[in-house]
Enquirer: 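Take a look at this one; I'll ask things after.
Predicted model, so just to flag it, every value in this text is computed and none were measured.
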Amino acid sequence: MISDPYINDGISIIRKKFITLFIVLALVNSIGAFFFLRKSLIDYQNQVKQGLLRDAHIVNDILESNLSDASRLLDVARVQILKLINQNELTDQAAHKILEDSKKVFSSYVTNDALLLTLYINKDGLVRATSKDVLKPPVDVNDRLHYSLLKNTPNKSMAIGELVTSRITELPTFHIAIPLIDSQGQFRGTLAAQILTGKIENSLDESLDGIAGAHVITHLDGGHIAFSYPRPLAGGGVDFNVGSYINGQINADSHSEGVISLPSSLRLPESLYVAFSKSSLYGFQTSVSVAMRMVFLSFLKINLFLLIYIGLAAVGSIWIMWRFYKSAVVTENALLMSFTDELTGIKNRRALDSEFSMFWKESLRTKNPISALFIDIDHFKIFNDTFGHDAGDEVLKALVAVLLKAVRRPLDICCRWGGEEFVVILPNTDELGATQKANEILEKVRNIPLIFGENHPQITVSIGISTLVAAQNCKANDLVSMADQAMYVAKHTGRDRCVKYRAGMSGKVQ
């Protein structure tokens with residue numbers, strides 16, 4: 001830390017100016033980005049609402065088209081069925097033949113894969129024959145909506161059934177049925193057409209353009225569900241409570257179509273946008289709903305690159321301001337101190353303290369390892385006492401030349417820690433890599449060509465190695481401290497070697 005009060009005051013003023021400027025720019029950019037994104041979100045929500053309403057119209061058109069085809073087919077077959085009923089000549093085989101022939105003729109000029117079967121249901125609610133075969137035994141459909149409506153309401157000309165799994169085909173279907181009333185005005189059963197929902201779903205896959213997560217429900221009078229898309233999961237059924245709640249909210253609206261927003265409640269797990277359209281031909285109404293949460297997530301996905309750009313711009317602005325700020329502070333600090341060791345020309349301990357935090361933060365972010373080598377010249381005091389301080393300085397310079405050749409990566413740090421001690425910081429380096437580098441230094445130091453008279457001893461060093469992945473519960477100084485401890489173990493165990501730090505090493509071994 002700078003100790004000159006004048007320089008400290010200057011640094012403080014510069015810091016305040018930069019922080020103030022940064023806050024102002026950040027607020028201006030944040031407010032502008034907020035209002036821009038808010039306007040974009042509102043526009044997107046309106047676009048989604050219009051898309052949902054368009055989808056509701058599409059579903060209605062497809063359902064009306066299928067019901068109209070089925071009605072025409074049933075009308076053709078009813079004429080012949082009633083003729084045999086009035087003559088008391090209708091048999092199951094005859095009913096099957098009429099239904100089969102009618103479907104063949106109809107299929108010759110109308111292609112509709114969704115019309116699966118046509119059914120003859122007698123007055124007792126038993127399916128006796130289909131366009132495919134005579135049923136033995138017959139299938140009881142007394143509980144089906146399309147049958148019970150016509151049986152209990154003789155004047156009703158047509159009924160649409162709810163979404164069910166067919167007892168004949170075991171496929172998800174809904175039905176349209178017409179009554180069979182004989183010449184005496186007596187109810188004699190119904191003719192029904194099965195409409196296969198899977199085929200309609202295929203059409204919707206190609207036709208709907210709503211966002212992911214939208215749910216289509218077609219309601220009949222009384223809240224019964226005739227169609228649901230996507231299809232309910234096997235065994236799960238349609239959530240009738242949610243469906244009926246949506247239907248009730250739509251019925252409360254006096255319009256034949258529109259878009260409403262439903263907040264979450266006890267009946268509704270999450271807030272929804274709901275578009276609806278009522279069919280004037282058949283009386284059902286189709287709703288297309290989507291969670292507001294899904295709309296927001298879709299907006300984020302569509303605008304991902306814009307959001308990334310805004311984020312990068314913000315980060316870039318912060319980074320630029322931070323760099324300017326650091327440059328100003330370093331410039332002021334340079335008036336009082338230097339980051340270079342005067343004797344060797346490499347960085348000093350203060351420079352290491354200044355730069356090492358950057359690499360520590362990078363390791364904290366990327367989880368890449370960072371290693372340190374703590375290097376001490378063996379018997380340096382004896383060497384100085386024997387050959388003089390000038391010779392000692394030459395040894396220090398020679399060692400630095402070795403270190404600079406060994407530590408060549410741009411981000412590596414080599415500094416003089418103090419006296420005969422040096423520290424090397426190796427970012428993005430694991431313990432194996434650090435050990436290889438330490439052995440390389442040991443070998444090169446042994447070959448330093450220094451001659452200071454007879455009986456000149458060989459120059460050697462002891463090296464401590466430590467490696468860490470930066471974490472919140474440790475400090476950058478821990479890395480150097482551990483390497484320092486390992487170096488003293490290397491001294492104690494014979495010198496001229498490297499030792500890797502291991503848990504339990506503590507204190508300086510003499």
Side-chain angles (χ1 to χ4, degrees), residues 34-35 37-64 145 160-164 172 174 197 200-201 203-205 207-233 235-303:
F34 171 77
F35 282 105
L37 290 173
R38 183 174 181 274
K39 176 64 165 57
S40 298
L41 177 59
I42 291 173
D43 291 342
Y44 180 70
Q45 288 170 335
N46 290 333
Q47 177 185 339
V48 168
K49 292 176 184 178
Q50 293 304 312
L52 294 175
L53 184 58
R54 185 166 52 251
D55 288 348
H57 289 154
I58 290 173
V59 174
N60 271 3
D61 289 343
I62 291 176
L63 293 178
E64 287 177 351
L145 181 65
I160 300 174
E162 59 189 339
L163 179 62
V164 295
F174 66 97
T197 60
I200 298 177
E201 291 168 9
S203 299
L204 295 181
D205 287 338
S207 303
L208 298 187
D209 58 0
I211 68 171
H215 190 197
V216 176
I217 301 178
T218 298
H219 285 97
L220 306 171
D221 290 338
H224 299 284
I225 296 174
F227 179 73
S228 177
Y229 174 86
R231 186 185 306 175
L233 296 176
V238 178
D239 190 336
F240 182 79
N241 291 327
V242 172
S244 61
Y245 177 77
I246 292 174
N247 187 50
Q249 296 301 308
I250 293 173
N251 288 333
D253 192 294
S254 59
H255 298 88
S256 61
E257 63 177 47
V259 181
I260 58 177
S261 299
L262 300 181
S264 60
S265 64
L266 293 177
R267 298 283 303 278
L268 202 62
E270 55 184 335
S271 300
L272 301 176
Y273 292 122
V274 181
F276 64 93
S277 177
K278 299 179 181 179
S279 171
S280 58
L281 292 177
Y282 293 97
F284 59 76
Q285 59 187 15
T286 295
S287 66
V288 182
S289 60
V290 67
M292 295 182 185
R293 172 182 56 85
M294 296 300 296
V295 176
F296 181 71
L297 292 177
S298 179
F299 171 78
L300 294 182
K301 182 178 180 181
I302 292 173
N303 293 277

Enquirer: Find out whether Val290 and Leu52 are in side-chain contact, i.e. whether some heavy atom of one side chain is under 4.5 Å from a heavy atom of the other.
Expert: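 Yes, close enough: below the 4.5 Å cut-off.
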Enquirer: Any side-chain donor-acceptor pair under 3.5 Å between Ser287 and His215?
Expert: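 Per modelled atom types, Ser287 and His215 side chains form no pair under 3.5 Å.
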Enquirer: Determine whether more than 12 heavy atoms belonging to other residues, nucleotides or ligands lie under 6.0 Å from atom NE2 of His255.
Expert: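 No, not enclosed.
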Enquirer: Using a 4.5 Å cut-off on heavy atoms from C-beta on, say whether the side chain of Tyr273 contacts that of Met292.
Expert: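 With C-beta onward as the side chain, the pair touches.
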Enquirer: Pairs in or reaching into residues 220-229: which pass salt bridge (Lys or Arg N to Asp or Glu O under 4.0 Å), with residues at least two apart or in two chains?
Expert: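 Passing the test, one end in residues 220-229: no pairs.
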Enquirer: Looking at side-chain heavy atoms only, is the closest gap between Phe284 and Ile160 below 4.5 Å?
Expert: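 When only atoms from C-beta onward are counted, Ile160 and Phe284 do touch, with a gap below 4.5 Å.
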Enquirer: Is any side-chain heavy atom of Leu204 closer than 4.5 Å to one of Phe227?
Expert: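 Yes, their side chains come closer than 4.5 Å.
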Enquirer: Suppose the criterion is salt bridge (Lys or Arg N to Asp or Glu O under 4.0 Å): which pairs have a residue in residues 272-286, not counting sequence neighbours?
Expert: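 Listed by first then second residue: nothing to list.
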Enquirer: Taking atom types as modelled, find out whether Glu64 and Ser279 have a side-chain donor-acceptor pair closer than 3.5 angstrom.
Expert: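 There is such a pair (donor and acceptor under 3.5 Å, judged by atom type) between the side chains of Glu64 and Ser279.
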Enquirer: How close do Gly161 and Ala226 get, heavy atom to heavy atom, and via which atoms?
Expert: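 Residues Gly161 and Ala226, closest heavy atoms: O-CB, 3.7 Å.
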Enquirer: Taking Ser277 for the side chain and Ala56 for the main chain, is one N or O donor matched with an acceptor at less than 3.5 Å?
Expert: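 No; zero donor-acceptor contacts below 3.5 Å.
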Enquirer: Going through the distances and angles, do Tyr44 and Ser298 end up as a side-chain hydrogen bond (donor to acceptor under 3.5 Å, both in side chains)?
Expert: CA-CA 9 Å; Tyr44 180 70; Ser298 179; 2.5 Å; yes
Enquirer: Checking Asn247 side chain against His219 main chain: does a donor-acceptor pair fall under 3.5 Å?
Expert: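 No.
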Enquirer: Quick one: does Thr286's side chain get under 4.5 Å of Leu63's, heavy atoms only?
Expert: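 Thr286 vs Leu63: side chains touch.
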Enquirer: Can you tell me how far the CG atom of Asp55 sits from the OG atom of Ser289, to the nearest 0.5 Å?
Expert: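 Asp55 CG to Ser289 OG: 11.5 Å, rounded to 0.5 Å.
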Enquirer: Give me the atom names and distance for the closest heavy-atom approach of Ser264 to Pro269.
Expert: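 Scanning both residues, the minimum pair turns out to be CB-O, 4.0 Å.
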Enquirer: Among Ile217, Val288, Leu262, which residue satisfies the side chain to side chain contact (heavy atoms under 4.5 Å, CB included) criterion with Val274?
Expert: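 Testing Val274 for a side chain to side chain contact (heavy atoms under 4.5 Å, CB included) against Ile217, Val288, Leu262 leaves exactly one candidate, Leu262.
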Enquirer: A side-chain contact here means heavy atoms from C-beta on lying under 4.5 Å apart; do Leu145 and Leu220 qualify?
Expert: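 Yes, their side chains come closer than 4.5 Å.
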Enquirer: Looking at Ser261 and Lys49, what are the two nearest heavy atoms and their distance?
Expert: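 Distance-wise, the nearest heavy atoms are OG-NZ, 4.3 Å.
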Enquirer: Would you check, one step at a time, whether the test side chain to side chain contact (heavy atoms under 4.5 Å, CB included) holds for Phe299 with Asn303?
Expert: CA-CA 6 Å; Phe299 171 78; Asn303 293 277; 3.1 Å; yes
Enquirer: Tell me, do Pro172 and Val164 make a side-chain contact under 4.5 Å, heavy atoms counted?
Expert: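 They are not in side-chain contact.
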Enquirer: Do Glu257 and Leu53 make a side-chain contact, defined as non-hydrogen atoms from C-beta onward lying under 4.5 Å apart?
Expert: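 Of all side-chain heavy-atom pairs linking Leu53 with Glu257, at least one is under 4.5 Å.
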